[in-house]
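Shown next, in structure tokens, is the structure this report addresses.
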Amino acid sequence: MNDEGRRIHVALHGASGRMGQAVLRAARQCDMVISAALVRPGSALIDVPLRQILGESVGELEFRAALDPDVTVDALVDFSGPHAFDAALALALERRAAFVSGTTGLSPHQLGEMHRASAAIPVLWTSNFSLGVALMRRFARVAARVLPDWDCEIVEMHHRRKADAPSGTALTLGEAVAEGRGLALDEVAAHGRCGQTGARPPGQIGFHALRGGDVVGEHTVIFASDDERIEFTHRAANREIFARGALLAARWLAAAKPGRYDMDDVLGD
Ligand code: NAD
């Protein structure tokens with residue numbers, strides 16, 4: 001509910017995609033309203049009732065390429081792609097709505113634009129909306145700080161269709177490790193190994209991306225010393241966990257002041 005006791009209204013950008021459909025399904029189980037389901041201009045789905053795609057009752061909503069001016073939007077949730085992200089951010093700014101995005105593969109320029117937007121609207125971008133991963137980031141940051149000399153490697157596996165590597169989540173976990181050690185990730189990251197690599201330099205953070213099948217997302221952060229090893233592993237069983245996390249974030253963000261937030265803020269203490 002918002003301050004006036006009205007249900008939070010969410011416009012969904014990328015509504016016909018795998019994640020978009022997961023958000024539509026998840027929204028039926030919470031007290032929020034999907035007020036717009038946005039698809040790419042030219043999509044064959046424009047004006048098609050959502051129930052035709054989802055095969056269940058989802059009210060009278062139809063897919064649209066643009067946001068009707070009279071539609072209420074407290075938060076805009078974006079799961080589209082890097083090429084469509086700018087339009088989503090512009091829409092949130094135009095409507096002064098909270099902006100929640102899970103789109104990965106963004107350029108440094110796009111990340112900068114999102115940061116600038118946070119002066120005007122509340123913004124939350126994360127490569128992984130799972131609460132389990134948010135907690136794992138905390139664990140990784142603490143372990144990296146407490147065990148500064150242990151080698152750290154991050155291994156991820158995703159379905160064969162995933163277009164970017166390593167995953168945004170693996171990079172976010174790497175940033176948590178680097179942050180725990182007061183290092184810049186760019187300076188210590190190593191992506192894969194092959195051939196005569198020589199010994200592992202101290203302080204390196206290694207990334208390894210596995211691809212295959214229909215794996216939704218698995219991440220392991222390994223800390224290794226000479227005598228012992230700690231592994232934090234998270235396995236996502238389905239996309240619904242990201243969808244539920246994004247809606248939880250949207251509800252939290254709709255009540256927040258302009259600024260930059262992450263899932264750690266939503267998770268609380
Ligand atoms: P997808 O390709 O199934 O869906 C993307 C959808 O966006 C497509 O339906 C496409 O038609 C639509 N789209 C393209 N241009 C658009 C526009 N201008 N306006 C509106 N819609 C437009 O991809 P997906 O698996 O749903 O993933 C979407 C994004 O979310 C990817 O970047 C993916 O990496 C990311 N993702 C993030 C999380 C997370 O927790 N943060 C989880 C899973 C996926």
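For clarity, every value in this text was computed on a predicted model and none was experimentally measured. We count ligands from 1, going down the list as the structure has it; atoms in each ligand are counted the same way.
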Nearest protein heavy atom with distance in Å, relative to atom 36 (N) of ligand 1: Gly102 O, 3.6 Å

Which residue and heavy atom of the protein sit nearest atom 20 (C) of ligand 1, plus the separation: Val39 C, 3.3 Å

Which residue and heavy atom of the protein sit nearest atom 30 (O) of ligand 1, plus the separation: Phe79 CD2, 3.5 Å

Side-chain donor or acceptor of Glu156 paired with backbone N/O of Ala170 under 3.5 Å: no

Close-contact set for ligand 1 against Ser16 heavy atoms, below 4.0 Å: 9 (O)

Ser127 touching ligand 1 at heavy-atom level, < 4.0 angstrom: yes

Contact check: Gly17 vs ligand 1, nitrogen or oxygen atoms, below 3.5 angstrom: yes

Qualifying residue, where the test is side-chain hydrogen bond (donor to acceptor under 3.5 Å, both in side chains) with Glu179 and the options are Arg137, Arg145, Arg141: Arg141

Close-contact set for ligand 1 against Thr103 heavy atoms, below 4.0 Å: 32 (O)

Atoms in ligand 1 flagged as close to Asn128, the criterion being non-hydrogen separation under 4.0 Å: 39 (C), 40 (O), 41 (N)

Any donor-acceptor N/O pair, Thr197 side chain to Cys194 backbone, under 3.5 Å: no

Residue part near ligand 1, for Thr104, under 4.0 Å between non-hydrogen atoms: both

Protein non-hydrogen atom below 4.0 angstrom of atom 14 (C) of ligand 1 present: yes

Flag, side chain of Ser225 to backbone of Trp150, donor-acceptor distance under 3.5 Å: no

Atom 40 (O) of ligand 1: the protein heavy-atom neighbour that sits closest, reported with distance to 0.1 Å: Phe129 N, 2.9 Å

Contact (N/O only, under 3.5 Å) between Asp164 and ligand 1: no

His13-ligand 1 polar pair, N/O distance under 3.5 Å: yes

For atom 43 (C) of ligand 1, the protein heavy atom that lies nearest, with its residue and separation: Met19 CG, 3.4 Å

Heavy atom of the protein closest to atom 16 (C) of ligand 1 (residue, atom name, distance): Arg40 CB, 3.2 Å

Short side-chain to backbone donor-acceptor contact, Arg95 and Val71, under 3.5 Å: yes

Pro41 neighbourhood, listing ligand 1 atoms whose heavy-atom distance to it stays under 4.0 Å: 18 (N)

Check: Ala15 N/O within less than 3.5 Å of ligand 1 N/O: no

Thr126 and ligand 1 - part of the residue with a heavy-atom distance under 4.0 Å: backbone

Flag, side chain of Gln110 to backbone of Pro82, donor-acceptor distance under 3.5 Å: yes

Given Arg6, Arg251, Arg7, the one that forms salt bridge (charged side-chain N to carboxylate O under 4.0 Å, His left out) with Asp31: Arg251

Best match, Ser80, Ala37, Gly14: closest heavy atom to atom 28 (C) of ligand 1: Ser80

Asp74 side-chain N/O to His9 backbone N/O, donor-acceptor pair under 3.5 Å: yes

Backbone of Ala144 reached by a side-chain donor or acceptor of Arg181 within 3.5 Å: yes

Ring geometry between Phe232 and Phe223 (parallel below 30°, tilted from 30 to 60°, perpendicular above 60°): perpendicular

Main-chain N/O of Glu240 paired to Asn238 side chain as donor or acceptor, under 3.5 Å: yes

Contact (N/O only, under 3.5 Å) between Ala84 and ligand 1: no

Atoms in ligand 1 with a heavy atom of Phe242 nearer than 4.0 Å: 40 (O), 42 (C)

Ala26 backbone acceptor or donor facing Gln29 side chain under 3.5 Å: no

Trp252 and Val100, any side-chain heavy atoms less than 4.5 Å apart: no

Closest protein heavy atom (residue, atom, distance) for atom 23 (O) of ligand 1: Arg18 NH2, 3.9 Å

